[in-house]
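Keep in mind that this is a model prediction, so the values were computed, not measured. Lettering follows sequence order; numbering is per chain, from 1.
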Amino acid sequence: MGESAKDVVMHDIKKGVLLDLFKKGERMDGRGFEDYRPVSVKKGVIATAEGSALAKIGKTQILVGAKFDLATPFADRPKEGVFSVNCEFLPLASPTFEPGPPNENSIQLARVTDRAIRSAEVEGDNSITSTFFLEEGKVLALYLDIYVLDHSGNMTDAASLAAMAALMSAKIPKYADGKLVRTEPIGVLPLKHFPIATTIAKIDKYLLVDPSKEESFVADSTLSIATTQTGLLASMQKTKGAMSRDEVLQAVDIAFKKGDELRKYIL
Amino acid sequence: MGGGEKPKLIIDGKRIDGRGMDDLRPVKVEAGVLNEAEGSAYVEWGGNKVIAGVYGPRECIPKHDANPFKALVKCRYTMSPFASKEEHSRSGPNRRSIEISKVIREVFESLVITELFPMTQIDIFVEVLQAEGGTRVSAITAAAVALADAGIPMKDMVSGVAVGKIEGEIAVDLGREEDNFGESDVPMAISSRNKDILLLQMDGLLTKEEFARAVDKAISASDKLHALQTDAIVRSYEKLESEGLEL
């Protein structure tokens, strides 16, 4: 849908209202600038998946399912397993989501979630996928499917929480006689870093953690930063607009603090 | 379907999960589980977990499809890639889900009072998050509650149930093994007040007499489902705001 004259006017009105509040140190829903909406994560909600979790941030609800399959390894990495993240914006999740193939926004969400986990848990020594080798030409593939059920702002952080929780709950199936025996799990994933994303919106000179739907609508820029339990940055993604060096560094400090807070919901 | 050894489906008059022939699996219905959708419902039916979301009446897209006399009802039923116990599948519609979307849509085309909303469309989206046989009838049961939750005028409520034949017996609400290894499967949707049959599909072999019994059993089961649907809608009005999904 293109931007109509009504959208432009509404944008300016909403931004004006929000900025008046920010000047008083307030947000529309009563939160402080660095507060999340209520967060909850429930693991193991889908019995047919090897791992799953439902994460809620405010009214945003995202389900992630983890499934294992057999795969042929990539030619340049014959001992490495496959890790793949896909994302669906279900049309029931928002009046603005339309049925159809993945669009640039759902692809971005899948890839941002993938990058944080890939950087922290898949690349490098002792990665989760290095334990996926089964026999010559056969490895495990792990598929994460992000299902956005209800979109009320900040999908990135909800998807990140649900994805990590689904990985933590995942049971690796036994491999016998060339087949996976899903009813006989042999263990869990050797996760080490637990990357979690924190999204910060910039509106005028204000930095706001966990932007609501309205705040995202008027944001000049948003920056998602995944931090690990081990004190590392695992991935970043900035959308639209500009941020200064100092703003970015300030956002990184906030993300480390908030990442530790969010991780408590899954550990 | 049907892979592996056929298990014994009836032992000492009881079915594989201990049910009698006329028993439904445990069914839970919740209305208003989503915040963005105008109407929504969650149905947990045995091992099935299904959510439905409804939008509309809203502008018909593409515009040239709009009907000047009535609203268009559109339906999309899809299954998540992690909904099955077996391998990971692809997201989005496939041949099976496109057929199911069509027959679900036709159920609601005969119920929604579309003449009230010319030039618009009403969207019904159903997502199967976890599957264990009987997803299309779970989907219809959820979609009906979601439409009511959205306040869309309907002539009647509807619920779905599959009745089939397993080891010679007519059994209500087939589970996964019964569906895979049974002799026949008849998914039906029955309207609550008029007892109209709005969905009827069948596979496998049945005599006319067996089929008549299957229909009668579906009508009895639909009364139980209707009571659960009504209760869910009543409870949704008791809540001040949606508490979200409880999977």
Side-chain angles (χ1 to χ4, degrees), chain A residues 1 38 40 42-54 56 58-71 84 86-102 106 110 141-153 166 179-180 182-183 213, chain B residues 32-42 44 46-56 58-59 61 74-93 97 101 123-132 142-143 146 150 176 241-247:
Chain A
M1 264 182 280
S40 75
K42 191 174 172 194
K43 292 180 197 164
V45 291
I46 298 295
T48 46
E50 279 82 51
S52 62
L54 175 68
K56 299 180 193 175
K59 291 185 183 298
T60 294
Q61 308 188 74
I62 294 187
L63 172 68
V64 171
K67 277 301 262 180
F68 285 99
D69 263 344
L70 291 174
S84 169
N86 182 53
C87 175
E88 288 283 313
F89 283 6
L90 300 185
L92 54 69
S94 166
T96 61
F97 291 173
E98 286 167 24
S106 67
L142 172 55
Y143 296 99
L144 283 190
D145 287 280
I146 303 169
Y147 257 46
V148 178
L149 304 178
D150 218 350
H151 168 36
S152 199
K179 278 189 282 196
L180 289 184
R182 292 172 200 274
T183 46
K213 200 169 48 171
Chain B
V33 294
L34 301 178
N35 300 292
E36 289 296 308
E38 286 157 40
S40 61
Y42 173 59
E44 208 170 288
N48 294 303
K49 294 185 175 186
V50 176
I51 51 172
V54 165
Y55 287 93
R58 61 180 175 182
E59 187 184 10
I61 295 171
K74 297 186 175 181
C75 177
R76 192 184 98 132
Y77 157 108
T78 48
M79 204 180 268
S80 79
F82 44 80
S84 131
K85 269 199 166 153
E86 287 76 39
E87 65 267 31
H88 178 261
S89 58
R90 290 183 69 130
S91 290
S97 75
S101 300
D123 286 294
I124 304 168
F125 300 115
V126 191
E127 297 289 337
V128 178
L129 304 176
Q130 185 179 304
E132 193 207 48
R176 185 193 284 119
E241 72 173 7
S242 169
E243 285 141 23
L245 269 169
E246 202 55 62
L247 292 185

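Heavy-atom pairs under 4.5 Å with chain B were tallied for P102(A), S40(A), G65(A); the largest tally goes to G65(A). Ranked by non-hydrogen atom pairs under 4.5 Å with chain A, the options G244(B), A37(B), S84(B) are led by S84(B). Interface remark: of the candidates P91(A), A49(A), G100(A), S94(A), P91(A) forms the most heavy-atom pairs closer than 4.5 Å to chain B.
N35(B) approaches Q61(A) most closely through the heavy-atom pair ND2-NE2, 3.9 Å. E36(B) approaches S152(A) most closely through the heavy-atom pair OE2-OG, 3.7 Å. P95(A) and R58(B) make their closest contact through O-NH1, 3.4 Å (heavy atoms, listed as atom of the first residue, atom of the second, distance).
Between the side chain of K42(A) and the backbone N or O of L247(B), at least one donor-acceptor pair lies under 3.5 Å. Judged by distance alone, with hydrogens and angles left aside, the side-chain atoms of Q130(B) form a donor-acceptor pair with the main-chain N or O of A47(A) at under 3.5 Å.
Contacts between K85(B) and chain A at a heavy-atom distance below 4.5 Å involve backbone atoms as well as side-chain atoms. Within the 4.5 angstrom heavy-atom criterion, only side-chain atoms of K56(A), from C-beta onward, approach chain B. Contacts of A131(B) with chain A are made by backbone atoms alone, with heavy-atom separations under 4.5 Å and no side-chain atom involved. For R90(B), no part sits under 4.5 Å from any heavy atom of chain A, backbone or side chain. Neither the backbone nor the side chain of V54(B) comes within less than 4.5 Å of any heavy atom of chain A. The parts of I46(A) that come within reach of chain B are both its backbone and its side chain, each placing non-hydrogen atoms under 4.5 angstrom from that chain. Only the side chain of N86(A) has a heavy atom closer than 4.5 Å to any heavy atom of chain B. In this structure, chain A has a heavy atom under 4.5 Å from the backbone of E243(B), while its side chain stays farther away.
One finds the CD1 atom of I51(B) at 8.5 Å from the CG atom of D150(A) (value rounded to the nearest 0.5 Å). Between the CG atom of L92(A) and the CD1 atom of I124(B) there is a distance of 12.0 Å, given to the nearest 0.5 Å. Note that the CG atom of N48(B) and the OG1 atom of T48(A) stand 9.5 Å from one another [nearest 0.5 Å]. Separation of atoms NE2 (H88(B)) and CG (L142(A)) is listed at 9.5 Å; rounding is to 0.5 Å. With rounding to the nearest 0.5 Å, the separation of CG in L90(A) from CG in L129(B) is 8.0 Å.
Evaluation of the salt bridge (Lys or Arg N to Asp or Glu O under 4.0 Å) rule for E132(B) yields R25(B) as partners, not counting sequence neighbours. Partners of E50(A) according to the salt bridge (Lys or Arg N to Asp or Glu O under 4.0 Å) rule, which considers only residues two or more places apart in sequence or in another chain, are K67(A), R182(A).
In this structure, Y147(A) and P81(B) have side chains that are in contact, with non-hydrogen atoms separated by less than 4.5 Å. Put simply, the side chain of S91(B) reaches to within 4.5 Å of the side chain of D145(A), judged on heavy atoms. Contact of the Y42(B) side chain with the L149(A) side chain is not registered, since no non-hydrogen atoms from C-beta on lie closer than 4.5 Å.
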